[in-house]
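As structure tokens, the structure follows; a few thoughts come after it.
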Amino acid sequence: MSTLQGSSKQVLTMSKHERYMAHALQLAERGLFTTCPNPRVGCVIVKDDLIVGEGWHQRTGEPHAEINALSAAGEQATGADCYVSLEPCSHFGRTPPCADALINAGIKRVFVAMQDPNPVVAGTGIAKLKAAGIEVTVGILEQQAEAINPGFCQRMRKSRPYVRSKLAMSLDGRTAMASGESKWITGPDARLDVQKMRARSSAILTGIATVLADDPALTVRPDGADWYPENTAVRQPLRIVVDSQLRTPSNAGLFDDKGKVLIATIADKPSSLTADIIKLPSKDEKVDLTALMTHLASQGINEVMVEAGPVLNGALLSEQLIDELVIYMAPKLMGNGANGLFHLPEITMMAENIELDILDISPVGRDWRITAKPIKKET
């Protein structure tokens, strides 16, 4: 789902600056599957009300959006305006500072959608541009810019990734039969939609119960989907198993050489698994999930997609670690004996319920996709 959806009437009511920034944001979305751990950024160079250069950050380690846009603009960048979806960087990382490149190119004005939440930048890029005599305006389509990089922004501000849980259920809220059978609740369109969610994620998180019951591969398989860029190698997210007692079998489908696997455990015993194994603090004799999220943020993980059963989903929800729920609802009934979405402590009063903000409800084939945010309670 695009961050920039809207009617043609809304586009017509945009100011000139908003239209150019909207284009920069559309360019940023082209890096949806490829920029992690960096943010997705787009840039447009405008002179005499004409776009003379544009670019986006395509892959980690490669030139940033501003550099690609300046390269396309060439000499026409002198005296031009620059629209960029995130504050130009001011430090040397894998690439030189973009703020310096804009100054050296002779850019006259810079319009920035949002300040970079990275404390290494955090306004210093804007300050450098202003010190060079460049007029800077910040805050054009800021909310839309934030929505393109929820994981990067949260990792920089809170030192934890953005957690998005995917669930599939019947109309009566069931996720699997009592036997554990769950293939397939939803149709092929919904399952392909899930692949897009996997492709944008830095990591996919599951629990040992799901590994033992379903033996999932948890890989990205776009298979010619029109949303995946042509001639682009598929980046496989890190696959993570919460396995407190280290029960993951060595022949699990996760070990398929299609990406790295991380096992999070509290067990202190040797293992021959072909995976990175981290021992984390325990909480109620299970992996401390908050500690896991802190660790993942330290490794540059921006967005985590959860594909797990009711126990792990319930634990994450109880710890207020789920930022977004994406629930695919199929037009079928599975009965009282089937499993529910979450294993939660008993709720006896309405005041104890977990409230949700519904962000979107859209048809996906014969199914419906419900996107919601848990309303987090003060602790």
Side-chain angles (χ1 to χ4, degrees), residues 3-4 17-18 20-45 53-70 81-105 107 109-162 200 202 294 296-303 323:
T3 311
L4 301 169
H17 298 310
E18 288 173 331
Y20 287 133
M21 189 63 76
H23 185 53
L25 291 169
Q26 288 172 337
L27 291 169
E29 286 191 326
R30 296 189 186 184
L32 189 67
F33 310 117
T34 56
T35 64
C36 180
N38 290 357
R40 301 138 183 158
V41 184
C43 181
V44 177
I45 308 294
E54 61 182 43
W56 68 96
H57 182 42
Q58 298 178 17
R59 291 176 189 82
T60 302
E62 295 186 6
H64 290 185
E66 299 94 322
I67 306 305
N68 288 329
L70 288 171
D81 293 337
C82 170
Y83 294 81
V84 61
S85 62
L86 186 69
E87 175 184 2
C89 61
S90 56
H91 64 292
F92 281 88
R94 295 184 182 181
T95 58
C98 292
D100 290 352
L102 294 172
I103 294 168
N104 295 335
I107 290 291
R109 297 186 299 179
V110 175
F111 298 88
V112 179
M114 65 174 288
Q115 181 175 303
D116 194 335
N118 185 349
V120 175
V121 183
T124 59
I126 292 168
K128 181 176 280 192
L129 294 171
K130 288 181 177 180
I134 295 174
E135 181 183 333
V136 181
T137 302
V138 183
I140 300 174
L141 302 186
E142 183 173 5
Q143 288 185 335
Q144 292 90 327
E146 177 104 16
I148 289 175
N149 290 299
F152 176 79
C153 292
Q154 181 151 290
R155 179 166 66 88
M156 291 299 158
R157 292 174 182 147
K158 299 182 179 180
S159 296
R160 71 175 185 85
Y162 187 89
R200 69 170 291 167
S202 312
T294 301
L296 295 179
S298 73
Q299 301 302 302
I301 300 296
N302 289 334
E303 296 180 25
D323 299 292

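Throughout, residue positions are numbered sequentially from 1 according to the sequence presented.
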Taking 4.0 angstrom as the limit, do Arg160 and Glu303 come out as a salt bridge?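 The answer is no: the pair does not qualify as a salt bridge.
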
Salt bridge or not between Glu87 and Lys130? Use side-chain N to carboxylate O under 4.0 Å.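 Looking at Glu87 and Lys130, the cut-off is not met.
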
Check whether any side-chain N or O of [X] sits under 3.5 Å from a backbone N or O of [Y] as a donor-acceptor pair, and report yes or no.
X      : Y      : result
His64  : Cys98  : no
Gln154 : Pro161 : yes
Thr35  : Arg59  : no
Thr60  : Cys36  : yes
Thr34  : Gln58  : yes
Arg40  : Leu32  : yes
Asp116 : Ala122 : no

If we only count heavy atoms from C-beta on, is the [X] to [Y] side-chain gap below 4.5 Å?
X      : Y      : value
Met156 : Pro119 : yes
Val112 : Ile140 : no
Leu70  : Ile45  : yes

What are the two closest heavy atoms between [X] and [Y], and how far apart are they?
X      : Y      : result
Ala99  : Gly125 : CB-O, 4.1 Å
Ile301 : Ser202 : CG2-CB, 3.7 Å
Leu129 : Pro88  : CD1-CG, 4.1 Å
Val120 : Ser90  : O-OG, 4.3 Å
Trp56  : Gly31  : CD1-N, 4.0 Å
Gly55  : Asn68  : CA-CB, 4.0 Å

Distance check, rounded to the nearest 0.5 Å: [X] atom [atom1] versus [Y] atom [atom2]?
X      : Y      : atom1 : atom2 : result
Leu296 : Asn302 : CG    : CG    : 11.0 Å
Arg109 : Leu102 : CZ    : CG    : 14.5 Å
Arg30  : Leu25  : CZ    : CG    : 13.0 Å
Gln115 : Cys153 : CD    : SG    : 11.0 Å
Leu141 : Tyr83  : CG    : OH    : 11.0 Å
Glu29  : Gln26  : CD    : CD    : 7.5 Å

Before you tell me yes or no, could you show the steps for Met114 and Val138 under side-chain contact (heavy atoms from CB on, under 4.5 Å), namely the whole-Å CA-CA distance, both residues' side-chain angles and the distance that decides it to 0.1 Å? CA-CA 6 Å; Met114 65 174 288; Val138 183; 5.8 Å; no

Test Val110 against Asp81 for side-chain contact (heavy atoms from CB on, under 4.5 Å), laying out the working first. CA-CA 6 Å; Val110 175; Asp81 293 337; over 6 Å; no

Would you check, one step at a time, whether the test side-chain hydrogen bond (donor to acceptor under 3.5 Å, both in side chains) holds for Glu54 with His23? CA-CA 9 Å; Glu54 61 182 43; His23 185 53; 2.7 Å; yes

Passes side-chain contact (heavy atoms from CB on, under 4.5 Å), Cys43 versus Ser85? Steps please. CA-CA 7 Å; Cys43 181; Ser85 62; over 6 Å; no

